[in-house]
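As structure tokens, the structure follows; a few thoughts come after it.
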Amino acid sequence: MKLNSLYGNDINILNVDAVMSLFTTNNGVRALLFVVCLLFLFNIIVNYFGYKNENESSFSKLRKIHNYTNTNGDNGVLYKIAPKHSLDASIVLISSTSEPNGRLVSNTVESILNSSHNVYSSTNLFTTSQITFPECISSSNEEKLFVPNVTLESLDVVEEELGPLLEPGGFFQPKNCTPKHHVAIVVPFRDRYAHLSIFIRNIHPFLMRQNIAYRIFIVEQTNGKPFNRAAMMNIGFLEALKIYPWDCFIFHDVDLLPLDERNIYSCPRQPRHMSVAIDTLNYRLPYRAIFGGVSAMTTEHFRKVNGFSNSYFGWGGEDDDMSNRLKHANLFISRYPINIARYIMLKHRKEKANPKRYENLVNGINRFEMDGINSIKYDLYSIKYFPMFTWYLAEIKVSDVTS
Ligand code: UDP
Ligand code: MN
């Protein structure tokens, strides 16, 4: 088919001869300059859109701006996530935007982020040089208290201190031995910036002494729907495995800080509930089946129980639902002794409990197979490899949220 029959005969097609006459040998230099200018212009346009996307959707630094009180009532320093290419402090904090559905970026940006994520996914984190080192020994019987530093500091300052000791994305591996455990620490998160800074400041020094390879994953839920801790942990699990085949997952509240260095962050033969004795609960286990706060599961066990339920919006129930799943799969909750598995909890306001949590728990027993990592649908708005942690901004997709 001829071009003019496809587009219609009346289309004014450029006269090719006339155009070509501009590029005679006499005008060769001009033609070359023309092409260079075109490339230059193209570059400017691409950069412009690149920066624009960065401003809208992805972030490079958590900056200290000024004193503030957040919605949880904890006073401190405001951590504003500022876009990489802008010093404009007025750009809204991403997790506090009032978009009703929490949707922050366009599909185009989303797909760009997703494609860059795929590039990252192929990163090989463990170098072959490790093979020559002996296997690391993680256990320690010697009593050694860990004294958390709970002074609030800007993440910039913490980063100056810890950044050089870590690999991008908040990854650490022992230098002189081959780690036995490859642990993904998954932290569900929303609007607890002061806690995040204190958590990061303490958890890295604590874990670096444990002779394990680990990486911190912060999974932030966008605004709009009630917080879904379990869904954030499922997302953390699925996304972290795209980076490396971790053998162990530790799901960690952002406000809990360990107090004893014998509390090794690994996954034993049975799932392990780690936060046994918390100061706010008088350092006592509230009930036997508890599995909230900090808990460790092998990748295999987490898959076996289909992860957490995605149905718990608002506070409560999701950890007990996991406890039921473990029981159902004939797994047992193991624990370190009460004098080792000690934590302090940073202060925060009590979240509004989900009134449907008991009803969900009863129904949940029949839904293990269809509600979990095999059924979760979510949007990932951003992925960032900050120096001290890998950060995901996500939202679970559900048509009807009943909290
Ligand atoms: N969380 C959060 N933002 C919220 C609610 C919860 O980041 O608005 C996360 C955070 O990691 C927190 C965990 O979910 O530590 C458990 O929530 P919370 O601390 O309110 O529960 P509780 O202390 O009552 O167990
Ligand atoms: Mn808490």
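Counting starts at 1 for both ligands and their atoms, following the listed order.
With sequence neighbours excluded, no residue forms a side chain to side chain donor-acceptor pair (under 3.5 Å) with N339.
The cationic group of R215 does not satisfy the cation-pi geometry with Y244, failing either the under 6.0 Å distance to the six-membered ring centre or the 45° limit from the ring axis. Taking the centre and axis of the six-membered ring of Y336, the NZ or CZ atom of R262 falls outside the cone set by 45° and 6.0 Å. For the pair K352 and W315, the cation does not sit on the ring face, since its NZ or CZ is not both under 6.0 Å from the ring centre and inside 45° of the axis.
The N/O atoms of R349, backbone and side chain alike, include none that comes under 3.5 Å of an N/O atom in ligand 1.
Interface of F227 with ligand 1, defined as ligand atoms under 4.0 Å from a residue heavy atom, comprises 1 (N), 2 (C), 5 (C), 6 (C), 9 (C), 14 (O). Atoms of ligand 1 found under 4.0 Å from any heavy atom of F189, numbered from 1 in the order shown, are 7 (O). The atoms of ligand 1 that sit less than 4.0 Å from any heavy atom of M345 are 23 (O).
If you run ring-ring contact (aromatic ring centres under 6.0 Å, His included) between H204 and each of Y214, F172, F171, only Y214 comes through.
By the 30° and 60° cut-offs, the orientation of the rings of F249 relative to F302 is parallel. Between Y392 and F217, the ring planes are parallel. Angles under 30° get that label, and only those over 60° would be called perpendicular. Taking the six-membered ring where the residue is Trp, H252 and Y343 present perpendicular rings, their angle passing 60° and hence far from 30°.
Heavy-atom distances between V187 and ligand 1 stay at or above 4.0 Å for every pair. Under a 4.0 angstrom heavy-atom cut-off, P188 registers as being in contact with ligand 1. Distances shorter than 4.0 angstrom do not occur between any heavy atom of H195 and any atom of ligand 1.
Of the heavy atoms in H252, none comes closer than 4.0 Å to ligand 1.
Taking each of R229, R190, R192, Q221 in turn, the one with a heavy atom nearest to atom 18 (P) of ligand 1 proves to be R192. For atom 13 (C) of ligand 1, the nearest non-hydrogen atom from the set V254, D253, L281 comes from D253.
Under the 3.5 Å distance criterion, with hydrogens and angles disregarded, a donor-acceptor pair is assigned to the side chains of D255 and H348. Between the side chains of N354 and Y312, no donor-acceptor pair is found at a separation under 3.5 Å.
Look at D260 and K144 and you find no salt bridge, because none of the NZ, NE, NH1 or NH2 atoms lies under 4.0 Å from a carboxylate O.
Protein N/O/S atoms closer to the Mn ion (ligand 2) than 2.8 Å number 2 in this structure.
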